[in-house]
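Working notes for the structure below.
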Amino acid sequence: MGGRHRTDELDDGHPSPSPRPARRRRTRPGMVLAPLAGAVALAVLLGVAAFVVVNRDRGCTGGQVAVRVTASPDIAPAVSRIAERFTRARHDVGGRCVKVAVTKEAPATVASALEDGAGTPGAMDVWIPDSSLWVTGLRERNPGVPAPGASLARSPVVLAASEAVVGDLRKNLGEVSWRGVVDAANVANVEGPGREVRVLALDPAANAAGLGALLAASGAATAAGTSQEQLAGALKTLSGSAVRDPEALLSSLGVKGSRAPVGVASEQAVWAFGAAGGPEVPVVPLYPAEGTLDLDYPMVVIGDDPAVRRAAAAFAAEFGTEAAREVLRGQGFRAPDGTAGAALSAAGGFRAEAPRRLETPGPAEIARMTRSWSRLNLGTRLLALVDVSGTMALPVPGTGRDRMEVISRIAIEGMRLFPPKSEIGVWEFSTDLDGPGVDFRKTVPVGPLAERVDGVLRKDLLARRLSAIRAVPTGDTGLNDTLRAAYEQMTEEYRSDKINTVLVLTDGAGDDDPGGGLSDAEILKYLRKTYDPDKPVSILLIAFGPDAARGKARMDALAKATGGEAFIAKDILQVRAFFLEGMRRRTCLPDC
C-alpha cells in the first residue's frame, strides 16, 4: 500500500498476535546505558563510602605491623587462638594493621639466649614465659632484660599423684604439705615418711614449676622450724630424682613400686595430661596446706620499635577480654585473679577456689636457691681416710665395742647417704702401714658406688672392708703424711662436675708420727698453698671418742685451710647430721 509504513513488524520477524500492541518508541543505545551507569556509579560510591566508614577507625591502609611472639609451650596453643582472632579484627597502629604470629619455645632455652645479652633466640618481639621467676633471675644477672608485664593467666604449682595412692599418701604424710614432702625426701630421716613415700621433683633449672616448688617447700619448711641441714638433705635427695620433662614425671606416677610416688607440676599440666588421654587411673592435683606459688605467664616486650611496642600493648589488652579468658580457662588455666573455668572440674580432683598464694621470693632468694640446687645437684667424689692407729683399739665405755668398731659403723652409716652415682674410696692410715715411711694403705680405690670391682659392687665392697678393718695396736696416727698424699691425689683428679672431698674419720688421739714425716705446721702450709677456691677440694673431719676434744683445735685448722669443717661425734646417729652439714656447706663454697 503506497505511502504507508507497516505496523505489524515485530522483533525477530514474527507476526504479532491480535490485538496489536501500541506502537513502541525507538531509543538510542545511550539512552538505556545512562541510568545503568548512574546506578553502578552510585553503588561504587556507596561501597567506597562504606569501606571508608568501616575502616576509618581500623585504619588498615598503610601496611602491617608484625608482632612476633614466643610463648611457653603449655600456653602457646591458647595464645595462638587469641592472636588469630586479634589479627582478624584488624587492630591498627598508626594506620597499619597488627598481625601477631606465635611460636613456642621452652622458657629455659629463651632465658639462656637472653642471659648474656648477646641476642634473642630467633626473631622475637614478645616473650611469654610460664613464670616471672625466669625474668627475675635474668634481670639479676643481666639488668638490660626488660621487666615483666602483668600476668596474662595463672596456674598454681601443686603436688600430683595417681588417684590410686592418694589414700596412702595422706596416711603417711598426714596433711598434704610442703613440709611433709621435705620430711619424706630428707636423706638422713631414715625412720621418716620416706620409707613409704617417694618424692619426685621437676628440675628447677629447666622448669619454673620445679623452681616454684623448691622455693615454696624451702620457705614452708623453714617457717615450720626445719633446719638448713635437714633441708639440704631433702634437696640432695630430690636432686637425684629430678625429671626435666613434666609429662615424663606425670607418667611415672602411675608406676607401681614399694613406695607411693608423689611429684610436682603445675595445675594446668595435670589437666593437660588428663585431657590428652592419661593413664587409666588418673593423676590428680594435691594442694599443699601452706599455700603455693603460681606460674603467672607475664608478657615481656623485647622489641624496641615503637610501633611494635604499641601493637604489643594492644595485644596484651586483648587478654583482658572475656573471649580471651574463656580460651585460657578452656585450656586449664586460671584467670589472673585465680578464677577457674569448667575445665578444672571437681570430678578431676581440681578446686574451683584458687589455693592460697604465697609471696614470691625476691631476686636474692631466687638466686640463692638456684645456686644451692646447682651445687647440691653435683655428684660426689670422696676419699675417706680411716684411722687404724693403736688408740682405735681402746674400748668405748658402755658400748661393748672398741673405737675402731664405732668408727667403722660411722663410715658405713655415712656411705649410705650417698646415691649410687657417687664416687667413693677408702684408705686406712697409721704409721708405716704399708712399709717403712708409708703411713697409708689404699683399701678401696675411688670410683662409682654402682661400679663392679672384681665382680662386687663398690658400695658392697666398701661395707665389707670397713666392717673388717682392725686397729694396729702399736701404730701411731700418721695423719699428716696420709693427708698430704690424699689431698694431692684428689687435687690432681679434681672433677668439676662433682664435690671433691677428703673425709677423715679418727678418734683424734695419738702422736702423729714420732719417727718423722710432716709436722703440723708443714701440712697446714701445704694445704693453704695447694687449696684452689676455683677447684675446691675440702677436708671434712669427724672424730669420735673421749680424747677427740683435745685435738679439736688442730682438726679445725686442717679443715678451715680448705674451706672444710671438723666435728666431734658423741654417738653414731650424729654422723647423719654431720654429713648433712657437709652437704649444706656445698651451697656456700668457697665462701663458707
Side-chain angles (χ1 to χ4, degrees), residues 71-82 104 107 128-133 150-167 169-170 175-178 181 202 207-210 212-213 216 245-247 249-251 253-254 262-298 318-358 360:
S72 179
D74 52 350
I75 202 172
V79 174
S80 294
R81 288 181 58 188
I82 296 168
K104 63 181 180 180
I128 303 177
D130 53 3
S131 174
S132 56
L133 292 173
S151 170
L152 304 181
R154 287 190 177 273
S155 186
V157 178
V158 297
L159 297 170
S162 169
E163 194 173 50
V165 304
V166 170
L169 290 173
R170 294 190 186 281
E175 186 178 45
V176 176
S177 65
W178 292 119
V181 168
L202 275 177
N207 295 272
D245 178 48
E247 186 174 349
L249 184 148
L250 293 171
S251 297
L253 296 177
V262 60
V264 298
S266 72
E267 183 184 58
Q268 193 275 339
V270 176
W271 173 86
F273 184 68
E280 183 177 341
V281 178
V283 171
V284 295
L286 302 173
Y287 298 87
E290 305 95 334
T292 189
L293 296 176
D294 286 353
L295 302 186
D296 57 346
Y297 301 92
E318 180 71 13
F319 284 83
T321 66
E322 183 57 29
R325 290 189 175 182
E326 185 61 29
V327 171
L328 289 164
R329 287 194 292 260
Q331 293 295 310
F333 296 95
R334 293 176 182 263
D337 63 1
T339 305
L344 298 179
S345 67
F350 299 97
R351 294 181 184 174
E353 182 181 357
R356 175 173 171 252
R357 190 180 300 168
L358 298 177
T360 303

Which pairs would a plain distance check flag for residues 71-79, meaning a side-chain donor or acceptor within less than 3.5 Å of a matching protein atom at least two apart in sequence or in another chain?
from  : atom 1 : to     : atom 2 : distance (Å)
Ser72 : OG     : Asp74  : OD1    : 2.7
Asp74 : OD2    : Tyr297 : OH     : 2.6

If we only count heavy atoms from C-beta on, is the [X] to [Y] side-chain gap below 4.5 Å?
| X | Y | answer |
| --- | --- | --- |
| Trp271 | Gln331 | yes |
| Arg334 | Pro156 | yes |
| Leu152 | Phe333 | no |
| Thr292 | Trp178 | yes |
| Ser266 | Asp130 | no |
| Thr321 | Glu318 | yes |
| Phe273 | Leu249 | no |

Kindly say whether [Y] contributes a backbone atom to a donor-acceptor pair with the side chain of [X] at under 3.5 angstrom?
| X | Y | answer |
| --- | --- | --- |
| Arg329 | Ala340 | no |
| Asp337 | Thr339 | yes |
| Glu267 | Val158 | no |
| Asp296 | Ser132 | yes |
| Arg356 | Glu290 | yes |
| Ser155 | Gln268 | yes |

Can you see which heavy atom on [X] is nearest to which on [Y], and at what distance?
| X | Y | value |
| --- | --- | --- |
| Gly338 | Ala354 | O-CB, 3.8 Å |
| Val157 | Pro288 | O-CD, 4.5 Å |
| Leu293 | Gly212 | CD1-O, 3.6 Å |
| Arg170 | Val176 | NH1-CG2, 3.4 Å |
| Gly263 | Leu253 | N-CD2, 3.8 Å |
| Pro129 | Pro298 | CD-O, 3.4 Å |

key: SB check Glu322 Arg325 (cutoff 4.0 Å)   =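 Between Arg325 and Glu322 there is no salt bridge, as every charged N stays at least 4.0 Å from the carboxylate O atoms.
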ask   = At what distance, to the nearest 0.5 angstrom, does CD of Glu175 lie from CG of Leu286?
value =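 Going from the CD atom of Glu175 to the CG atom of Leu286 covers 12.0 Å.
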ask   = Could you state the interatomic distance from CZ (Arg154) to OG (Ser131), rounded to the nearest 0.5 Å?
value =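 It is 9.5 Å, given to the nearest 0.5 Å.
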Exceeds 12 heavy-atom contacts within 6.0 angstrom, atom CD of Glu353 =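 No.
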task = Apply side chain to side chain contact (heavy atoms under 4.5 Å, CB included) to the pair Ile82 and Leu328, showing each step before the final yes or no.
result = CA-CA 9 Å; Ile82 296 168; Leu328 289 164; 4.1 Å; yes
query = With sequence neighbours excluded, what pairs up with Ala150 under the side-chain contact (heavy atoms from CB on, under 4.5 Å) test?
reply =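 Testing Ala150 for side-chain contact (heavy atoms from CB on, under 4.5 Å), a comparison that skips the adjacent residues, returns none.
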inquiry  = Once side-chain contact (heavy atoms from CB on, under 4.5 Å) is applied, do any residues pair with Val181, and if so which ones, sequence neighbours excluded?
reply    =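 side-chain contact (heavy atoms from CB on, under 4.5 Å) list for Val181, sorted by chain: Leu159, Val199.
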